[in-house]
Amino acid sequence: MGTSSDTGTSSGIGATSAPLDGKADQRLSEVHSPSSRVAVFPDDAPLKLESGQLLAPLTIAYQTYGRLNADKSNAILVCHALTGDQYVADVHPVTGKPGWWQALVGAGKPVDTDRFFVICPNILGGCMGSTGPASPNPKTGKPYGLDFPVITIGDMVDAQVRLIDHLGIDVLFSVIGGSMGGMQVLEWAARHKDRVATAIPIATAPWHTAQNIAFHEVGRQAVMADPEWRGGAYSEVGVVPKNGLAVARMAAHITYLSEKALQGKFGRNLQNRATRSFSFDADFKIESYLRHQGSTFVDRFDANSYLYITRAMDYFDLEGAHGGKLANAFTGTQTQFCVVSFTSDWLYPTRDSKAIVKALNAVAANVSFVEIESDKGHDAFLLDEPEFHATVRGFLTAAMAKRGLSLGEEQG
Amino acid sequence: MQKAVPFSGLVRADHALIAEMVTPRSRVLDVGCADGALLHLLAETKDVDARGVELSREKVNLCVTRGLSVIQGDADRDLADYPDQAFDFAILSLTIQATRDPKTVLENLLRIGRHAIVSFPNFGHWRIRAQLLFSGRMPMTPNLPEPWYTTADAHLCTIKDFVDLVALVDAEVEDAVAFNAKGQRLPIKRSLSLQNLLGEKAVFKLRRKT
C-alpha cells in the first residue's frame, strides 16, 4: 500500500465547468471536494482493476460514525447501493435529506453507533467524492467521462480495502449492505475471508439475471439517447442529460417497488385534478410521483456514474467468477453470515438469497437466513421494517457476545 | 418491566434425552428447530456449534434474533444442499412423521451428520392401539392432537417400523430410548415389543454402517 493522505477535503476542482443551476453546482462541488472525509491514494499506488487497467490517483470519500475501540475490533463497513452514498446516517449535503439508512444505523439503532465504529465509503465510480467518471482525468485535467475505465463490484471492494487498510483495521466486525451493497458484502466475504467476521447481505443476489441486466440497459439507453449526454462529455460543456437520466431513474424506481405497494399507494388516483385532462400531462398520481423521482434524482446524481455502476452490477456473477460453482466462492470461510430477503422483492427475489444460502451450506458455513414479510418490494431494506431490524440487531448482538466484543475491552 | 428472557427454564423431556446423546463441543444441525429451544439448550449446556433449519418464517426470525444460526428451509427440500459429514450430529426432533419422504430425509441426516438423532411419537403405544381398536377411528392423543384431515403428520410410525427403516437405509442404532408422557425413560431396556407398547415417544441415535 502506498502512502495516503487523509484530509478534510480533497484537492481542488480539476476542470472548470460552465455554470449550471444551484443544485448542479452543489452536486459538482461534492464530486470535487466532498463534505465528508476523504482518503487519497496517490499515483504510485494505482488500483489494478479487473479489466487489467490501472487507476490512479484514487480518492475514497467516506463517513464514519461512532468510535473505533482500542484493538480496532468494532468496525462495521456499510456498503451502499446503486444510487446511495456515504451519508448513511447524516444529512445529505446536496438534498438536505436524512441519511439513507438512518432507520438502521445510528445511536441505539440495530447497527448501534454507540457500540460500533461504522464506516461508509462512497463507492468507486460514484459521484459524491470518490473517484468516478465525473472526477478529473489526470491525463487531461477534464472529467473522465467515458475515458473512465469500466469497473466491477470486485474493483469497488478493492478500493474499499485500501480505505480499511488506511484506517489500520485488520478485521471488520461486520460488512453490511443491501442490493448492490449486498453484492459488495458477498465479494468481501469471498475475497477477504480472514478480514470479515460477520456479513449481512440483504435483498441481494449472487449474480445479475437477464431481467436485471435488461432493466439496466433500458436505463443506460435512456441516458445515452439524450442529446445532452454528448458521448459522455456533457460536463465539459456544462450541461446534464437530465431527461435521459430521469427516465432511467423512473424505470428503475418501478423495480424497487411492488405492484401491491404501487396499487395501494397510488391506485388510479388522479394528481391535483378531478378528471382526466385528455393530454399527456401527469394525470395520474403515479406519473407525477415517478416524474418527481426522476427530476430530484438528476439533481444529486451523475449520469455517467449511473452508466458505470449499473455496468458493474451487470458484470457481477460470483458463480461465474468461481468456476461455475457458487460454493467455491466461500470455501473455507469462517465468516458468520446473516442473509436477509423480502417477500415482495421481485428485483432480487428470495430465490437469489436462497442460492447464496445453499452455496454457504455446501461449504458448511455458519449462516442464518431470514425472509421478511413485506409488501414494500425491493425498497423494503431501506424502510422501517421492524422484523428486519430486530433480525439485524439480534444477529449483531449475539455475534458481539460470541466474540467477547465490548467497547474499550481487549479482544481475547 | 419484565426482563426479556429468551427461553423458559423448562426443558422438554425429549430435548433433555437428546442432549444426553450429544457430545460436548460438537457441530450440531437441528432440522425443524422451531423456536430454537433445543439449539439453545445444546449451546448452553454442551457448548456445541449449533445450527438450525426451520420452515416457519416467524420461528426462524425468532431464532436469529436470539442469536442462533438458523435458516428457513424444510427437511424434504433443503437437506440435499448440505455436504457429507458436515456435522457431528444431525437432529430431527418430532418432525420425521411430518416429512413427505421420511426415508430420504433419514438418509440425508445420516449423510450430513456422523450421527443422526431422531425422535418421534410412537404410533404403537397401547393407548393409540386401543383407540383404533375400540373406537374404530384415527387416534387422537396429547401427542397427536390434530384430526386426520388437518394433521401434518402424514407418516406416523411405530418404534418397530422405525427400526425397520433404520435397517433399510443401512444404518445402525447406537442408542434408543422410549419414554412415557412424563418424559420418564421406560425401564424396559431389552424388549422392543414392550417399548413399542409402552413408549409414547422414542429417541434414536443412529449412524451409518461403515
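Numbers restart at 1 for each chain; the letters A, B, ... are given by sequence-line order, proteins then strands. A quick note: this is a predicted structure, and the numbers were derived from the prediction, not measured.
Scanning residues 184-210 of chain A against chain B with a 4.5 Å non-hydrogen threshold yields no residues. Contacts of residues 333-362 of chain A with chain B at a heavy-atom distance below 4.5 Å involve Q336(A), C338(A), T343(A), K354(A), V357(A), K358(A), N361(A), A362(A), listed in sequence order. Listed by sequence position, D81(B), Y82(B), P83(B), A86(B) are the residues of residues 78-92 of chain B in contact with chain A, using a 4.5 angstrom heavy-atom cutoff.
The line from CD of E387(A) to CG of L62(B) is 10.0 Å long, rounded to the nearest 0.5 Å. In this structure, CG in L68(B) is found 12.0 Å from CZ in F395(A), a value given to the nearest 0.5 Å.
Counting heavy atoms from C-beta outward, T397(A) and T65(B) have side chains that stay 4.5 Å or more apart.
Residue pairs meeting the ring-ring contact (aromatic ring centres under 6.0 Å, His included) criterion with at least one partner in residues 159-187 of chain B, sequence neighbours excluded, are F120(B)-F162(B), F162(B)-F204(B).
Contact annotation for V70(B): only backbone heavy atoms (N, CA, C, O) come within less than 4.5 Å of a heavy atom of chain A.
Taking chain B as the reference chain and counting heavy-atom pairs below 4.5 Å, the highest number among A401(A), A399(A), A365(A) is found for A365(A). Among E54(B), R57(B), E58(B), the residue with the largest count of heavy-atom pairs under 4.5 Å with chain A is R57(B). Comparing V370(A), I372(A), N366(A), T391(A) by how many heavy-atom pairs each has under 4.5 Å with chain B, the most go to N366(A).
Environment of CD in E172(B): crowded, with over 12 heavy atoms of neighbouring residues, nucleotides or ligands closer than 6.0 Å. Counting heavy atoms of neighbouring residues, nucleotides and ligands inside a 6.0 Å radius, atom NZ of K209(B) exceeds 12 of them.
Residues A364(A) and R27(B) approach most closely at CB-NH2, 3.5 Å, considering heavy atoms.
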